[in-house]
There are 2 protein chains.
Amino acid sequence: MPDTAIPAACAFADHDHAACSAAGLAQAEALCAAQGARLTPVRRRTLEILLEAHRALGAYEVLERLRSDGFGGQPPVAYRALEFLEAMGLVHRIRRLNAFAACMRPGEAHQALFLICRRCEALAEAPGGRVRAAVEAAAAETGFAVERASLEATGLCPACRAEAP
Amino acid sequence: MPDTAIPAACAFADHDHAACSAAGLAQAEALCAAQGARLTPVRRRTLEILLEAHRALGAYEVLERLRSDGFGGQPPVAYRALEFLEAMGLVHRIRRLNAFAACMRPGEAHQALFLICRRCEALAEAPGGRVRAAVEAAAAETGFAVERASLEATGLCPACRAEAP
DNA sequence: TCTTGACACGTTACAGGATAACATCCTAGA
DNA sequence: TCTAGGATGTTATCCTGTAACGTGTCAAGA
């Protein structure tokens, strides 16, 4: 059981974990109710796990926690819940890390831009509206219609820039 | 051996495969020579495979072809060659597809933006300079220094937009 | 009340993607 | 010629993801 420990923090700035975790759950409930979607126990717990971890987790890390909470312990259980949450805009998938992270702005339709520190593995979600617009502009020139975009950058976070030259 | 057939074409517009394939190899040789890197037989053949396929291939698809050409048939062989080629800017990795594709503009330092059709699975590489600039601008606001960015969009290519409503 | 259909959950089994670690070999430069 | 570094090859294993099937649950309509 190697703790594949993906990233560390979830934003570069400090903030109140407990608060944003609770808020995330509340918003999730509201959002699902509004859309007639069912935030079932597994789904709810999956979201909680990501909110509590407050960093990106691999599907198998999520799965392990679900299992120890008495839910089904096979991969499809985790993948299905994560897929649902992603479709609801409550969770993001970070392909570069093969991992998932709770969304920081559920509800607000937005394009996320992920900033991944290669040194401390911190992960931040930045507003990607303008980037998205640029993507659509570039795509339009070839006649391509963008539906979804994954925007992920690796580099150095503020702290690591200061420490490592 | 399910042919996992990832995408189809490599650009939305028609063009001369043989020519761009030959050009790609020539440029690769020049580029490696200039940087004192060794374009060994496996590496060269790996690039050829991607240029000939003219679409994104999974590492195991590449591996299979290398094997049938008499090269080592174990995963690290393919991964190492692909890694080298990516570092040289001759090959791109498309994370959304878990696949690799030959670069369309080797030599020219550039930021690629991938457009992936969800219907016909065609893949195009669009110029991502402006998108990259937008990413850096957004990152700068949090103090993050971007080193690499992977920009991938899914949607509908021109042909599929016309066919499917 | 009973039926039925959609959806969620769970499991098995496997396919596909990636890497660590070690042995061997080749090759450019001292 | 010798040698150090890089390149190749192999073994073994791990991580990631999905197809397919069976069961349970709940709500709408007969």
Side-chain angles (χ1 to χ4, degrees), chain A residues 1-7 32-33 35-47 49 56-88 90-101 150, chain B residues 1-7 32-33 35-47 49-50 56-88 90-101 121 150:
Chain A
M1 263 149 281
D3 193 339
T4 354
I6 292 162
C32 288
Q35 300 193 30
R38 297 166 54 192
L39 189 61
T40 63
V42 205
R43 292 169 175 176
R44 186 192 166 88
R45 182 66 195 127
T46 301
L47 179 56
I49 287 168
L57 297 178
Y60 278 63
E61 280 184 280
V62 171
L63 179 58
E64 202 174 307
R65 302 185 194 204
L66 283 176
R67 179 185 293 137
S68 69
D69 286 345
F71 293 97
Q74 302 309 316
V77 172
Y79 280 103
R80 283 195 289 236
L82 290 165
E83 197 179 337
F84 168 85
L85 293 168
E86 199 195 359
M88 297 295 296
L90 295 167
V91 156
H92 292 294
R93 181 172 199 158
I94 294 122
R95 307 208 83 110
R96 199 130 188 169
L97 301 174
N98 289 329
F100 299 81
S150 51
Chain B
M1 261 152 282
D3 193 339
T4 353
I6 290 164
C32 288
Q35 299 193 31
R38 296 168 53 192
L39 189 60
T40 63
V42 206
R43 292 168 176 177
R44 186 191 166 88
R45 182 67 195 127
T46 300
L47 180 56
I49 287 168
L50 288 176
L57 296 179
Y60 278 60
E61 279 184 281
V62 171
L63 179 59
E64 203 175 306
R65 302 187 193 202
L66 283 176
R67 181 185 292 137
S68 70
D69 286 346
F71 293 97
Q74 303 309 316
V77 172
Y79 280 102
R80 282 194 291 234
L82 290 166
E83 197 179 336
F84 168 85
L85 293 167
E86 200 195 357
M88 296 296 296
L90 296 167
V91 156
H92 293 294
R93 181 171 199 158
I94 294 122
R95 309 208 78 111
R96 198 130 188 166
L97 301 174
N98 289 328
F100 300 81
E121 301 199 303
S150 50

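- Computed from coordinates, the Leu57(B) CG to dG16(C) C1' distance equals 15 Å when rounded to whole Å.
- Straight-line distance from the CZ atom of Arg95(A) to the C1' atom of dA18(C): 16 Å, rounded to whole Å.
- For the pair Glu83(B) CD and dG6(D) P, the interatomic distance rounds to 14 Å; values are reported in whole Å.
- Ring stacking holds between Tyr60(A) and dT16(D), with the centres under 5.5 Å apart and the planes within 30 degrees of each other.
- When distances are taken from the side chain of Tyr79(A) to each of dA18(C), dT11(C), dT18(D), the shortest belongs to dT18(D).
- Annotation: of the two residues near DNA chain D, Ala81(B) and Phe100(A), the 5′-most nearest-nucleotide partner is Ala81(B).
- Within the 4.5 Å cutoff, the side chain of Arg43(B) has no heavy atoms near those of the Met88(B) side chain.
- Proximity of Cys32(A) to Arg38(A): side-chain heavy atoms (C-beta onward) are nowhere separated by under 4.5 Å.
- With contacts defined as side-chain heavy-atom distances shorter than 4.5 Å, the pair Tyr79(A)/Tyr60(A) qualifies.
- Rounded to an integer number of Å, the gap from CG of Leu66(A) to C1' of dT11(C) is 15 Å.
- Of the candidates dG9(D), dG10(C), dT11(D), dG10(C) carries the atom nearest the Val77(A) side chain, counting heavy atoms from C-beta on.
- For Arg80(A), counting side-chain heavy atoms from C-beta on, the closest listed nucleotide (dT18(D), dA18(C), dC9(C)) is dC9(C).
- Look at CZ on Arg45(B): it is 19 Å from C1' on dG9(D), rounded to the nearest Å.
- Checked against dC7(C), dT11(C), dA20(C), the side chain of Arg38(A) finds its nearest nucleotide in dC7(C).
- Residue Phe71(A) contributes atom CZ, which lies 9 Å from atom P of dC9(C) at whole-angstrom precision.
- Taking 4.0 angstrom as the limit, Arg93(A) places a side-chain polar atom (N or O) nearer than this to OP1 or OP2 of dG17(D).
- No side-chain heavy atom of Leu57(A) sits under 4.5 Å from any side-chain heavy atom of Phe100(A).
- For Leu63(B) and dT11(D), the CG to P distance is 13 Å, given to the nearest whole Å.
- Distances from the side chain of Pro75(B) to the nucleotides dT8(D), dC9(C), dA12(D) place dA12(D) closest.
- Atom CG in Leu85(A) sits roughly 10 Å away from atom P in dC9(C) (whole-Å rounding).
- In terms of position on DNA chain C, the residue among Pro76(B) and Thr40(A) whose nearest nucleotide sits closer to the 5' end is Thr40(A).
- For dT8(D), one of the phosphate oxygens OP1 or OP2 lies less than 4.0 angstrom from a side-chain nitrogen or oxygen of Arg43(B).
- Side-chain atoms of Glu61(A) come within 3.5 Å of backbone N or O of Gly58(A) as a donor-acceptor pair.
- Relative to the side chain of Asn98(B), the nucleotides dC9(C), dG17(C), dT19(C) differ in distance, and dG17(C) lies closest.
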